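These notes concern the structure reproduced below.
These figures come from a predicted structure and were not determined experimentally. Chain letters run A, B, ... following the sequence lines, proteins first and then strands; every chain starts at 1.
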There are 2 protein chains.
Amino acid sequence: MSERKPRTGQSRTTLSDVANHIGVSAITISRALNKPELVSEALRQRIDDAVQLLGYVPNRAARALASAKSHSVVVLVPSLSNTVFVDTLAAIHDTLQPAGYQMLIGDTRYSPQAEEKLLRTYLEYNPDGILITGFDHTPAAQTLLQAAAIPTVHMMELAEQGDSPCVGFSQYDSGYALTRFLLDKGYRRIAFLAAQLDPRTLKRGEGYRAALREAGLYQPHRELAEASPSSVGLGSRLLDRLLLQAPDCDAVFCNNDDLALGVLFQCQRRHIAIPQQLAIAGFNGLDASAWSNPSLTTVDTPRYDIGKAAAAMLLQLMAGKAPAATRVDLGYRLLARDST
Amino acid sequence: MSERKPRTGQSRTTLSDVANHIGVSAITISRALNKPELVSEALRQRIDDAVQLLGYVPNRAARALASAKSHSVVVLVPSLSNTVFVDTLAAIHDTLQPAGYQMLIGDTRYSPQAEEKLLRTYLEYNPDGILITGFDHTPAAQTLLQAAAIPTVHMMELAEQGDSPCVGFSQYDSGYALTRFLLDKGYRRIAFLAAQLDPRTLKRGEGYRAALREAGLYQPHRELAEASPSSVGLGSRLLDRLLLQAPDCDAVFCNNDDLALGVLFQCQRRHIAIPQQLAIAGFNGLDASAWSNPSLTTVDTPRYDIGKAAAAMLLQLMAGKAPAATRVDLGYRLLARDST
DNA sequence: TGCTCGAAGGTTAGCGCTAACATTCGGCAA
DNA sequence: TTGCCGAATGTTAGCGCTAACCTTCGAGCA
């Protein structure tokens, strides 16, 4: 007949502590906090005071378990050190926070395998929604997503088939357009520098290639790709390598403003006149590119708006409503500046 | 005698589904997954197969509720768009992930009020530990931290009093040292440009002031501060303003490499020779500062190592062990380059 | 042979909360 | 006066999991 040891040490204040304190039932406290319109004004006031006094903090785990809703959203991005995704995250945060949703941020490091692992882990949290970057997932991850049957919005790219909800712009088109712009400016020997070979980078590269092929000007040796992350230093190094294997090029399309800045710096060191001897174009519209000498032509991408729109669409889906559109193309903006 | 409606729709596979499937009890499945050494080899294999087959995904909320451990850690940083904190986050991630802890990332946007709100929200998750930036918290936040009695490590700064666990370096010393360096180089009219006036920026400013006062060279009108976030563009604008109110200065201490780069670009436009007419020093050792022309003198800060050490210390504390030291000073590194 | 012991697995209860249904009670129309 | 309604609050039963304790059984040993 021995009493079993209780499981808790000194635990935190619970709902029923508050309830006992003012002599009502626990559910009333729960209601006062979550659906205040169902509780009378006077009682609600007393409850608020007691909550304050006792320092009551609700327990999310218990709430999630009882209500089968976690009020959390998984957000998977390839990198936290890339401004592109940081801006998108900020927008998502700004949209989901007021709606009462928490973000569970996962950094996939550009690896579909890591993404699958993160997805598996985060599904344990019973998220109410998922925001995921692009469409390049492992088969297992796709199965997981399907099986979980949780509202999901894909960001940054547009679905090429199927009707998966997505918000982004055409990476291919943007690469094509920037190359076209350089061609129209009269450049004929246009090189392409890329780092961090993620699917979006590759698609922009395809756009570049298509534009040059159409013009009959494509030369594989003017393309230089490096799998390591983009950085200013890498841009400088890539320029040196490029000039070894293709000394005659008259313009460089850098897949990223970091690279473009590094190319610019290296050209200064090598006394290559920009844009007279070599034109430089970057990608993503980073702050610095507007202020360098000369300022850098770049493609401004709607990162913040993508986050905003994707989160808004997800809120619709989670509320069981059909969003106005499930495929949102936010386009891009070519910023022609002094480097071309 | 009416049957009550069941609460679940088509819910996910649970532990007991797996248990029923192979004819053992639920607790055995739980053990096979969490403490595999307590289950026989053969049975464990059968369980693993069944888990695979049924696509079972554990429910974190239920586990957290039953075990009173959430296996999550709250990480509060002032900004997600500042490389400094992103690098720190990456390190934290790299340390906590293998130990089975999830990060709940909160972006306080440099506001103690927002920090307090985030803290309140995240405490609902019953985190097992907290990593928080600096020591500048609201009184209510301090009370919350104290009352929660959860292991907490402060990052980036060092406690000036008390024995709160902390990992960082002396912001004051680093500002003092960089100013001293400029003085030793012979500069006498040293200006200070700051943005995003967070406590760390302010402490570096104090170091700057102290060094100049000691040398009898402090002039308030050579200090220029702007509350908006640091950026390259802001650096360019601040230089213009500085030269209006203090045209005679011979060196600029920029609180941030972004600003320094903007100053450099603006000097190029104004045909001010660096470092002959004006020396420039930055802070934080960003990639670009090593590659600009001229390369920028800066102070490299151990952001990654801070994250690593803070997370490691937190793991110790969460395990109930006493860490080797609770006040870890990781120092900083002055990188003298061509701009001074 | 009888006993102990530890490995392997089971039983029970409950973590803190909320969905679903039940009850109470005052107001008000017929 | 009856009866009905809706606002305000209560009761009950779990959500899915694991801590704590319990049972079984075969190996090992005196």
Side-chain angles (χ1 to χ4, degrees), chain A residues 1-47 51 54 56-71 123-126 128, chain B residues 1-47 51 54 56-71 123-126 128:
Chain A
M1 256 330 101
S2 70
E3 281 288 286
R4 204 168 263 236
K5 227 185 283 176
R7 289 171 65 169
T8 48
Q10 42 119 342
S11 85
R12 298 199 300 180
T13 315
T14 69
L15 258 195
S16 29
D17 293 337
V18 181
N20 291 151
H21 185 79
I22 52 179
V24 296
S25 76
I27 189 73
T28 304
I29 312 293
S30 167
R31 279 202 274 254
L33 297 175
N34 301 312
K35 298 168 190 166
E37 70 279 5
L38 292 182
V39 175
S40 70
E41 174 65 36
L43 183 52
R44 204 182 334 145
Q45 189 55 57
R46 283 205 298 148
I47 290 176
V51 164
L54 299 178
Y56 169 69
V57 176
N59 181 325
R60 289 290 274 233
R63 177 187 307 203
L65 189 55
S67 68
K69 301 201 77 217
S70 64
H71 287 275
L123 281 179
E124 300 184 1
Y125 286 91
N126 246 319
D128 297 335
Chain B
M1 264 317 115
S2 70
E3 281 287 283
R4 202 169 267 236
K5 227 186 282 175
R7 290 172 63 170
T8 47
Q10 43 119 338
S11 83
R12 300 198 300 178
T13 314
T14 70
L15 258 193
S16 29
D17 292 337
V18 181
N20 292 151
H21 185 79
I22 53 179
V24 296
S25 76
I27 189 73
T28 304
I29 312 293
S30 168
R31 279 202 275 253
L33 297 175
N34 300 312
K35 299 168 189 166
E37 71 280 6
L38 293 181
V39 175
S40 69
E41 175 65 35
L43 184 51
R44 204 184 329 147
Q45 190 55 55
R46 282 207 295 150
I47 290 176
V51 164
L54 300 178
Y56 169 70
V57 175
N59 182 324
R60 287 291 270 236
R63 178 187 306 203
L65 189 55
S67 68
K69 300 200 75 215
S70 64
H71 287 277
L123 282 178
E124 300 184 0
Y125 285 91
N126 246 319
D128 297 336

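- A close approach under 4.0 Å does not occur between any side-chain nitrogen or oxygen of A:N59 and OP1 or OP2 of C:dC15.
- Screening A:I47, A:L15, A:D17 for a side chain to side chain contact (heavy atoms under 4.5 Å, CB included) involving A:Y56 leaves a single residue, A:L15.
- Heavy-atom distances to DNA chain D give each of B:P58 and B:R31 a nearest nucleotide, and the one nearer the 5′ end belongs to B:P58.
- The side chain of B:T28 places an N or O atom within less than 4.0 Å of a non-bridging phosphate oxygen (OP1 or OP2) of C:dG10.
- Proximity note for B:I27 (side chain, C-beta onward) versus D:dT18, D:dT9, C:dT18: the nearest is D:dT18.
- For the pair B:L15 CG and D:dT18 C1', the computed distance is 9 Å after rounding to whole Å.
- In this structure, CD on A:E37 lies 10.5 Å from CZ on A:R31, to the nearest 0.5 angstrom.
- In this model, the phosphate group of C:dG9 is approached by a side-chain N or O of B:S40 to a distance below 4.0 Å at OP1 or OP2.
- For the pair A:R60 CZ and C:dT18 P, the computed distance is 11 Å after rounding to whole Å.
- Of the candidates C:dC17, C:dG10, D:dC17, C:dC17 carries the atom nearest the A:Y56 side chain, counting heavy atoms from C-beta on.
- Residue B:T14 has its side chain nearest to D:dG16 when only C:dG9, C:dA19, D:dG16 are considered.
- For the atom pair A:T28 OG1 and A:R44 CZ, the distance stands at 13.0 Å (nearest 0.5 Å).
- Of the side-chain N and O atoms in A:S25, one or more sit less than 4.0 angstrom from OP1 or OP2 of D:dG10.
- The distance from atom CD1 of B:I22 to atom C1' of C:dG9 is 12 Å, rounded to the nearest whole Å.
- Proximity of B:S30 to the phosphate of D:dT18: a side-chain N or O atom is located under 4.0 Å from OP1 or OP2.
- B:R12 has its CZ atom 13 Å from the C1' atom of D:dC17, to the nearest Å.
- The separation between B:N34 atom CG and D:dG16 atom P is 17 Å, rounded to whole Å.
- To the nearest 0.5 Å, atom OG1 of residue A:T14 and atom CG of residue A:N20 are 7.5 Å apart.
- Contact annotation: A:K35 reaches the phosphate of C:dA19 (side-chain N/O to OP1 or OP2, under 4.0 Å).
- Within the model, atoms OG1 of A:T13 and CG of A:N59 stand 12.0 Å from one another, a figure rounded to the nearest 0.5 Å.
- The distance from atom CG of B:L33 to atom C1' of C:dG9 is 15 Å, rounded to the nearest whole Å.
- Taking side-chain N and O atoms only, B:Y125 has no distance below 4.0 Å to OP1 or OP2 of C:dG16.
- Here C:dG16 presents its P atom at 16 Å from NZ of B:K69, a figure rounded to the nearest Å.
- Between A:R63 atom CZ and D:dG14 atom C1' there is a gap of 18 Å when expressed in whole angstrom units.
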